[in-house]
Amino acid sequence: MARPNEDVEALLQEYADLIAITGGDAFKARAYEKAARAIGGHPGDVSRLDVAGLKEIPNVGTSIAEKVVEYVRTGRVEAVEESRARIPAGVRQLIAIPTLGPKKALTLYEDLHISSVDELADAIRAERLRGLKGFGEKTEQNILHGIDLMRQAGGRILLSTAAEAAEEIVAGLSRIPGCEQCAHAGSLRRMRDSIGDLDILVAADRPAPFMEALTELPSTAEVIAHGQKKTSVRTVKGVQVDLRVVRRDSWGAALQYFTGSKAHNIRTRTIAVRQGLKLSEYGLFGARGGRRVASRSEEEVYARLGLPWIPPALREDRGEIEAAQRGELPEVVTEADIRGDLHTHTDLTDGLAPLEEMVAAAARRGYAYYAVTDHAPNLYMQRMTDEKILAQREQLRALDGERRMRLLHGTELNIGPDGEVDWPDAFLAGFDLCVASVHSHFGLDRRAMTRRLVRACENPHVNIIGHPTTRLIGRRPGIDVDLDEVFAACARTGTALEVNAQPDRLDLGDEDILRARSHGAKFAINTDAHSIPHLAYLRYGVGTAQRGWLTPEDVVNTWPLRRLRGFLRKHPGG
DNA sequence: GCCGTTTTCGGCCCGACTGTTTTCAGTCG
């Protein structure tokens with residue numbers, strides 16, 4: 001089984017949804033949700049555990065442990081199958097629509113026999129929802145808007161989903177004899193925030209074994225096209241994968257070509273033409289004689305065009321060609337530059353792992369420092385208190401310095417509608433750093449929202465604006481705010497903007513980062529980890545930062561601790 | 001369904017907001 005923890009998490013979440021839709025015990029549904037999250041966030045491989053081992057995971061009891069074992073052994077769970085038989089899959093799709101939950105979904109199914117998003121959209125247009133209990137005009141509009149949002153995502157998948165699928169496929173194909181090189185290309189290699197399909201590239205003499213292998217992978221659900229040079233499949237998770245096999249001596253040109261972007265490639269091909277050359281996926285050729293002048297590596301291809309190698313994340317024709325020609329390409333930040341994570345949670349609030357386990361996992365990543373920033377009291381459901389956070393601080397101080405990693409005690413404050421935060425100044429002064437984020441009142445008008453965020457920046461204790469736009473990719477647009485004013489305020493006050501690495505956030509996104517950087521703002525690339533596996537999401541944040549042209553100088557958590565502490569004091573020039 | 005120095009039953013993160021109601025259900029964080 002490929003990604004057992006994620007598979008099990010998805011299955012239990014589905015069961016929780018089905019229980020909720022069928023009007024089952026809400027607490028039972030929540031129990032499955034909690035178990036799903038716990039298993040998704042469990043660092044070990046759950047497919048290797050027996051019932052007793054599984055029960056040691058918090059929120060997993062006998063019943064769920066037995067279902068997990070049943071799933072690992074047989075690939076299915078009888079109880080889930082029974083629920084699936086009662087509720088069509090399309091009904092479950094309905095609750096993915098923002099503002100539409102399980103209760104409304106069941107009403108739509110029972111009263112109007114609606115069992116897909118398309119049917120729902122049609123029914124609203126045909127005014128079939130009129131008179132349905134609990135459905136008014138505004139509800140119809142909200143649902144239609146939610147459906148629009150979903151469709152805008154256009155079947156694109158999250159960066160993390162794409163990366164995990166690609167790595168699995170690359171690993172599988174790399175094992176085949178005759179594989180000289182294998183890698184992913186396309187928008188995944190450029191680390192876009194969502195991915196349409198996967199491009200996998202192999203260098204080998206004989207394409208056939210690789211084409212065959214792709215169609216036979218356990219993750220392959222459907223073969224879309226199966227040819228000599230290209231094979232396309234759809235995975236069980238609905239991701240389209242295009243595989244191309246090239247000869248080894250074309251590897252560099254092919255990788256460059258299939259990495260894109262299209263706009264970047266148009267520029268490189270134009271440069272080739274001006275030099276009397278022709279660039280294709282097979283190589284860089286003399287236009288007349290067709291003699292191959294470069295193709296083995298990307299470096300060689302770029303060099304022959306008079307350019308340094310350009311990091312994939314920059315290849316969007318957003319000025320990287322010109323910068324490269326001037327010799328002014330940014331030395332973009334890499335994962336190795338990051339010295340610590342400045343936004344993380346523990347099980348004191350909604351994280352899964354206790355403090356000492358999160359700290360140990362962070363230390364294993366080789367960080368020089370690490371900040372714990374659990375939620376503040378105004379996120380009421382987390383039930384934070386002064387006593388709890390102070391007790392955590394003591395516990396954290398006791399762990400400080402183990403394995404040479406320094407610990408910072410922080411919190412994630414809630415920015416209220418007026419820009420105020422949870423605690424008074426005197427209490428905030430006790431933290432090493434404060435992240436402040438918008439978690440409510442998403443609908444303020446632009447002026448109020450802008451004033452709100454600027455006020456947060458002006459708070460002398462607020463060091464980082466967490467997930468600044470609060471967008472959720474494919475689910476919720478960012479808040480309506482004058483970002484330029486916020487970015488200017490960040491630069492003026494010494495408040496960093498977060499590049500939140502959670503794959504469904506990636507917030508700020510690349511274009512906003514570029515704008516913020518032009519204001520002179522600083523950044524912090526943070527995982528917002530709620531479990532140990534989340535610490536590895538850092539790479540998606542780094543990729544996003546690279547797309548925003550950030551260098552280590554721009555990113556405060558690449559700095560040595562001493563310099564970071566100076567920044568956290570927010571004194572001008574500090 | 002999970003959990004327990006309030007334990008084997010009876011709770012379960014709590015409150016705000018929205019839209020539909022006419023006193024509250026549903027959804028969200």
Side-chain angles (χ1 to χ4, degrees), chain A residues 8 11-39 51-52 54-68 70 77 79-80 83 94-108 124 129-146 149 345-352 374-385 388 412-418 422 437-444 466-467 470-472 475-477 479 500 502 504-505 507 528 530:
Chain A
V8 172
L11 184 84
L12 295 178
Q13 181 61 53
E14 179 187 348
Y15 193 45
D17 289 345
L18 292 173
I19 292 167
I21 292 169
T22 52
D25 179 7
F27 290 112
K28 181 171 161 184
R30 172 169 286 179
Y32 275 96
E33 263 175 27
K34 279 155 73 174
R37 240 165 58 84
I39 284 173
V51 168
L54 286 160
K55 284 177 70 174
E56 286 183 20
I57 300 173
N59 300 313
V60 177
T62 308
S63 174
I64 291 179
E66 283 172 352
K67 287 187 176 69
V68 173
E70 179 186 352
V77 174
V80 179
S83 282
L94 299 181
I95 69 172
I97 299 169
T99 73
L100 207 168
K103 295 289 187 295
K104 286 199 170 81
L106 184 62
T107 302
L108 289 168
I124 292 173
L129 270 61
R130 299 292 161 87
L132 201 56
K133 186 162 53 89
F135 289 79
E137 202 177 323
K138 194 72 213 276
T139 302
E140 289 185 356
Q141 286 171 22
N142 287 341
I143 292 174
L144 284 176
H145 182 243
L149 266 179
H345 297 271
T346 73
D347 64 358
L348 185 62
T349 55
D350 58 351
L352 290 171
D374 272 313
H375 288 289
N378 292 354
L379 201 61
Y380 302 104
M381 64 183 193
Q382 304 300 346
R383 316 186 97 192
M384 179 56 81
T385 62
K388 282 160 86 173
E412 182 181 13
L413 300 166
N414 304 286
I415 306 176
D418 55 1
D422 307 61
S437 314
V438 168
H439 288 124
S440 65
H441 301 88
F442 302 112
L444 290 188
H467 45 75
T470 76
R471 73 162 177 175
L472 291 175
R475 284 193 290 149
R476 184 173 75 199
I479 48 178
N500 187 296
Q502 291 284 322
D504 60 347
R505 290 192 185 272
D507 181 14
D528 193 0
H530 284 68

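Naming: A, B, ... by sequence-line order, numbering from 1 per chain.
Rounded to the nearest Å, the gap between the P atom of B:dT21 and that of B:dG26 is 12 Å. B:dC14 sits 23 Å from B:dC9 when the C1' atoms are compared, rounded to a whole Å. Comparing the same atom, P, in B:dG1 and in B:dT5 gives a spacing of 23 Å after rounding to whole Å. Using C1' as the reference atom, B:dG11 and B:dT23 are 27 Å apart when rounded to the nearest Å. With C1' as the reference atom, B:dC2 and B:dT7 are 13 Å apart, rounded to whole Å. Rounded to whole Å, the separation between the C1' atoms of B:dT22 and B:dC12 comes to 31 Å. Comparing the C1' positions of B:dG15 and B:dG10 gives a spacing of 23 Å, expressed to the nearest Å. Distance check on atom P: B:dG4 versus B:dC13 gives 12 Å, rounded to whole Å.
Counting all heavy atoms, side chain and backbone alike, A:Ala36 lies closest to A:Leu12 at CB-CB, 3.7 Å. Closest heavy-atom contact between A:Asn59 and A:Ala35: O-CB, 3.4 Å.
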Quick tally for nucleotides 2-9 of chain B: nucleotides whose base has a protein heavy atom under 4.0 Å get B, sugar-phosphate-only ones S, the rest -, giving SS------
Produce a footprint string for nucleotides 24-29 of chain B: one letter per nucleotide, 5' end first; B if the base is under 4.0 Å from any protein heavy atom, S if only the sugar-phosphate is, - if neither. --SSSB
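Using modelled atom types, no side-chain atom of A:Arg471 and backbone atom of A:Asp507 make a donor-acceptor pair closer than 3.5 Å. Side-chain atoms of A:Asp374 come within 3.5 Å of backbone atoms of A:Thr346 as a donor-acceptor pair (strictly under, hydrogens ignored). At distances below 3.5 Å, not a single donor-acceptor pair connects side-chain atoms of A:Lys104 with backbone N or O atoms of A:Gly134. Without hydrogens or angle criteria, A:Gln502 side chain to A:Asp528 main chain gives a donor-acceptor distance under 3.5 Å. Side chain of A:Asp422 to backbone of A:Leu413: no donor-acceptor contact under 3.5 angstrom is found.
The nearest whole Å value for the distance from the CD atom in A:Glu33 to the C1' atom in B:dC13 is 13 Å. Whole-Å rounding puts the A:Leu444 CG to B:dA16 P distance at 16 Å. Taking atom CG of residue A:Leu132 and atom C1' of nucleotide B:dT20, one finds them 13 Å apart after rounding to whole Å. To the nearest angstrom, C1' of B:dG1 lies 13 Å from CD1 of A:Ile39. The CG-P distance, from A:Asn378 to B:dG15, rounds to 12 Å in whole Å. Distance NE2 (A:His375) to C1' (B:dG15): 15 Å, rounded to an integer number of Å. Residue A:Glu140 contributes atom CD, which lies 16 Å from atom C1' of B:dT18 at whole-angstrom precision.
A:His441 has no side-chain polar atom (N or O) that falls below the 4.0 Å cut-off from OP1 or OP2 of B:dA16. Taking 4.0 angstrom as the limit, A:Asn142 places a side-chain polar atom (N or O) nearer than this to OP1 or OP2 of B:dG19. Residue A:Arg383 places at least one side-chain N or O under 4.0 Å from the OP1 or OP2 atom of B:dC14.
Annotation: side-chain contact (heavy atoms from CB on, under 4.5 Å) contacts of A:Lys67 (sequence neighbours excluded): A:Tyr15, A:Tyr32, A:Ser63, A:Val77, A:Ala79.
Contacts of A:Tyr32 with the nucleic acid, taken as non-hydrogen atoms under 4.0 Å apart, involve only primed sugar atoms and P, OP1 or OP2.
A:Lys133 places none of its side-chain heavy atoms less than 4.5 Å from the side chain of A:Thr107.
Between A:Gly136 and A:Tyr15, the one whose closest nucleotide on DNA chain B sits nearer the 5' end is A:Tyr15. Where A:Lys67 and A:Lys34 meet DNA chain B, the nucleotide closest to each residue was compared, and A:Lys67 sits on the side nearer the 5' end.
Around atom CD of A:Gln141, more than 12 heavy atoms belonging to other residues, nucleotides or ligands sit under 6.0 Å away.
With a 3.5 Å ceiling on both atom-pair distances, B:dT8 lacks any Watson-Crick or G-U wobble partner.
A donor and an acceptor atom, one from each side chain of A:Glu412 and A:His345, are located under 3.5 Å apart.
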